[in-house]
Amino acid sequence: MPEYNNYPRDIWEYVKDLPYMPSRADREKLFRDENKRERVKLWDYFFRIKPEDVGKPQRAEISFIIKNIRISIKKCKQREQEILERIKELEKSALIKVVKRLAWGIAVLVSVLFIVSRISTETISVQDKYIYGAAFFLFWLIVMAVFVGLGYLVGGDKKESKRLAVILQEFKGENLKEIDEARNRISNLKKEVARLRRQLPMPLSGEEVRKWLNGEFEKLWNYAKTEVALIRDIISIQGDQPDVEIKNPLTVLGPGELQPEIPRHFSVKINKDLHKHIGAKQAYQVDPGKYGVLYDVLYGVYFFEYIVVAADMLVTHSFFYDFIDDKVTTEYTTEQYYTDVVALAIEEESRKITTLNRMGKLISMYIDDSPAFTLSLKSGEKHKVAFVSQEYFMKVSDKLEISHDDVDKIFWINQAKKVADNVIKALRSYLRKHKAL
């Protein structure tokens, strides 16, 4: 009975061997925190074990066993052929011996009969009769010896043939037993793989995650308004039309991985799990019955810049937000008078992104014209928020599982620039107004 490998029965024991997945500990820390336990669903939405990777070691063993079964069957057939050929050789040899000995015995018998006929037809002396009688007896002894020897020789071949036939049956029986054990092992391994597949969590729909994300955005915006602005006199911002009011603070955001400066704790060398958080993204098709082919893209980490428009100054509050972990990091708040703002623009720059592809391999990609909302101050300081573009989505379309032909149907390509343009329009009127004083 061969010794087989024992495999973990828990699907999460296997993520350590999947380079595109964060660690099991990264998921379990959410589960251990009662306040964040529900966010395990977000973790499962952004990080999904590919069906083809479920039970990979078991399926590798199945392939190995199948290969060995084929080799074993081939060897068994070769051995069977060798034994059958040997049995045929023995049977042929026995037949040749029978024919030779029979021919020799018949010749002797004919000779004896000839002598007997001579004795019965010729007149011979008594002495000659005794001599012929002795010769006749001797010939009969020789004939008997021939047949006894023939039986012994043929019997030896038959005995060897029977022995080989027994060996062949035993060999085939052992081979069938091994194959049955191997097939049982394959059946058990397939059941293990099926059990692991059943453990794969059913991810939330894109619409559900978008609704969740919008709720978090609302909380962050309220935080910026109540905690960051403090007692400052926040003013109402009018849009292009008299009856349209723009929400203050203004919001500019983009994917965390696109920003020109990414905090060290998201580096793959510092924290592999967080690096996978910042590269996490999923696309889904938005209500095809209503909108046709239209995609939304959701991210694991965002970068926010809230601009609080007060009566006498601007307050900018920026940070990275890990949506999966509900964690704000690298917060930075500055105050500047309107006269300190020297430029508002959307600038296009070359950007390098280091991310994981669908296979979990770390790759670098360059985006030649990556747009960014830019607020420039007299001091030379610049506030930048990079946002998405068609070129960016073309580079990451494989991971999003969107064809190049459908990239232009991603909602945020035009929407992100539109949001940034609206922020610039809203601010410029106040900048002109204060600088004219």
Next on the checklist: Does R264 qualify as a cation-pi partner of F266, given the criterion of NZ or CZ under 6.0 Å from the six-membered ring centre and within 45 degrees of its axis?
Outcome noted: no
Checklist entry - Is a donor on one side and an acceptor on the other found under 3.5 Å between the side chain of D340 and the backbone of Q336? => result no
Next on the checklist: Is there a side-chain contact between V286 and Y284 in this structure, where contact means two heavy atoms from C-beta onward sitting under 4.5 Å apart?
Outcome noted: yes
Checklist entry - Do the two ring centres, one from F46 and one from H277, sit under 6.0 Å apart? => result no
Checklist entry - Does the R351 side chain pair with the main chain of L258, one donor and one acceptor, at a distance under 3.5 Å? => result yes
Item to check | D325 side-chain N/O to K327 backbone N/O, donor-acceptor pair under 3.5 Å | outcome: no
Next on the checklist: For the backbone of L375 and the side chain of K382, can you confirm whether one donor and one acceptor N or O come within less than 3.5 Å of each other?
Outcome noted: no
Checklist entry - Is the backbone N or O of R9 less than 3.5 Å from a side-chain atom of E13, with the two atoms forming a donor-acceptor pair by type? => result no
Item to check | Sidechain-backbone polar pair: R428 side chain, L344 backbone, donor-acceptor under 3.5 Å | outcome: yes
Next on the checklist: Quick check against the 3.5 Å criterion: does Q282 have a side-chain atom that pairs as donor or acceptor with the backbone of V297?
Outcome noted: no
Checklist entry - What's the verdict on salt bridge (Lys or Arg N to Asp or Glu O under 4.0 Å) for D421 and K417, showing C-alpha distance, side-chain angles and the deciding distance? => result CA-CA 6 Å; D421 280 335; K417 188 175 185 300; 3.3 Å; yes
Next on the checklist: Given Y321, which partner from the list Y299, F304, F303 fulfils the side chain to side chain contact (heavy atoms under 4.5 Å, CB included) test?
Outcome noted: F304
Checklist entry - Which of parallel (below 30°), tilted (30 to 60°) and perpendicular (above 60°) describes F323 and W212? => result perpendicular
Next on the checklist: Has K272 got a side-chain atom pairing as donor or acceptor with P22's backbone, closer than 3.5 angstrom?
Outcome noted: no
Checklist entry - Under the 3.5 angstrom rule, does the side chain of R59 hit a backbone N or O of V54 as a donor-acceptor pair? => result yes
Next on the checklist: If we ignore hydrogens and angles and just use 3.5 Å, is the side chain of N188 paired with the main-chain N or O of N184 as donor and acceptor?
Outcome noted: yes
